[in-house]
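Have a look at the structure below before the remarks.
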Amino acid sequence: MNLPDTNLPNHFELLATDGAARTGRLTTPHGVVRTPAFMPVGTAGAMKGMHWREVREAGADIVLGNTYHLMLRPGAERIAALGGLQRFTGWNGPMLTDSGGFQVMSLADLRKVSEHAVTFRSHIDGAKVELSPERSIEVQRFLGSDIAMQMDECVRLPAERDDIDRAMRLSLRWAERSKRAFESAPDGYMLFGIVQGGDIPQLRHASAQGLVEIGFHGYAIGGLAVGEPQEVMLAMIDETAPMLPKERPRYLMGVGTPDDILEAVKRGIDMFDCVMPTRNGRHGVAFTRFGQVNLRNARHADDPRPLDEESSWPSTRNCARAYLHHLVKAGETLGAMLLSEINVAYYQSLMQGIRDAIAHGTFDEFYQRTREDWARGDI
Ligand SMILES: CC1(C)O[C@@H]2[C@@H](CO[C@@]3(CNc4nc5cc6c(=O)[nH]c(N)nc6cc5[nH]4)OC(C)(C)O[C@@H]23)O1
């Protein structure tokens, strides 16, 4: 069932479809986002190990920031007084912010969930903090993010059905409150709902239907990429995506590996975010056309070849594996920097290949060839 929801302006334009895969453009107050899009994660107002110039040159249209981290430090009101997140950071492009509840459950101490809010102690200074749907929306408005997320409760899997059901229904009530709190936002700014329901199809359906009845600019699929097997994640996408309005953007939170992304695009997902490109880069692992390459491995010590001499990204095309291996083993900061940019550039080149393939009706061929290249591995 695909309920149309018409009560909010739609800033998403579908350009082409190929099977369930879609390519489009999402217009935000700070610029246009080409979809399917991968959002590099700049959690606390910085892309770890990269200049914003490189993030833009790598092809990213939009980056993610976190309410939880930024409200604790430097503070949402302070960022607002300094002109908002885009000016504060110098990124000056589209930004999406997560709503904070998920990060509280991942990072904070002494956290408690009630109907009203989550309360916790800051992991920075131990201060007692209350984060309600209303405060989360207020923080995201202070940050000036182009796309805000509703406040929700994500249950880690595996979990009891009763707990998944409880959290899903609480998240629906918080969705209503988030939307009411968001209504004063200027035109063009967006609020996305987040589908919960764990690994239980009926609860996923109830969550999706409830959110569409409330009505949002876009819809995220949450509660995944928290350690469940890929087949569980993909099964929940199969259950959920068809229930979301096809004319609005769909965002799969926290995902993922290049393989996860390819499978999710095939199932109709438009937006992604994941710390993997920068986090794995800092740990010496490169993402390439031929799969992942661990530069810590001694086999690279004398290898003069670059990671991919056909890459459009200069560091991927020019840096010798032997040099990258040396930097990683020596713990040189430049190693983390080069591999972070190499990985973000690879993810963006994958997204560009996906967008082009869908636009030309050749997504299936792209899907097969990309997976064959990964399977070939790095030689
Ligand atoms: C994949 C990878 C490398 O990403 C790492 C680590 C563990 O998974 C990640 C990524 N997964 C992830 N799932 C999410 C679900 C929700 C959600 O249901 N609601 C809201 N508001 N935000 C969410 C953000 C999410 N991020 O989540 C933390 C714990 C932030 O670290 C990330 O493994």
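In listed order, ligands and their atoms are each counted from 1.
With a 6.0 Å cutoff to the six-membered ring centre and a 45° limit on the axis angle, K112 does not count as a cation-pi contact of F120. For the pair R56 and W91, the cation-pi criterion (under 6.0 Å, within 45° of the ring axis) is fulfilled. A cation-pi arrangement is present between R376 and F290 under the rule of less than 6.0 angstrom and at most 45 degrees off the ring axis.
Taking the six-membered ring for Trp, F192 and F216 have ring centres at least 6.0 Å apart. Taking the centre of each ring, Y189 and H11 stay at or above the 6.0 Å mark.
Ligand 1 lies out of reach of V255, whose nearest heavy atom is not under 4.0 Å from it.
Each of the atoms 15 (C), 17 (C), 18 (O) of ligand 1 lies under 4.0 Å from some heavy atom of G223. Counting atoms of ligand 1 from 1 in the listed order, those under 4.0 Å from a heavy atom of V275 are 3 (C), 4 (O), 5 (C). When each atom of ligand 1 is checked for a heavy atom of I194 under 4.0 Å away, the hits are 21 (N). Annotation for ligand 1: atoms under 4.0 Å from non-hydrogen atoms of D152 are 17 (C), 18 (O), 19 (N), 20 (C), 21 (N).
Every N/O-N/O distance between C154 and ligand 1 stays at or above 3.5 Å.
Contacts of M253 with ligand 1, taken as heavy-atom pairs under 4.0 Å, involve both backbone and side chain. Of the heavy atoms in S99, only side-chain atoms (C-beta onward) come closer than 4.0 Å to ligand 1.
The nearest protein heavy atom to atom 33 (O) of ligand 1 is not closer than 4.0 Å.
Note on E309 versus R305: no salt bridge recorded, every NZ/NE/NH1/NH2 to OD/OE distance being 4.0 Å or above.
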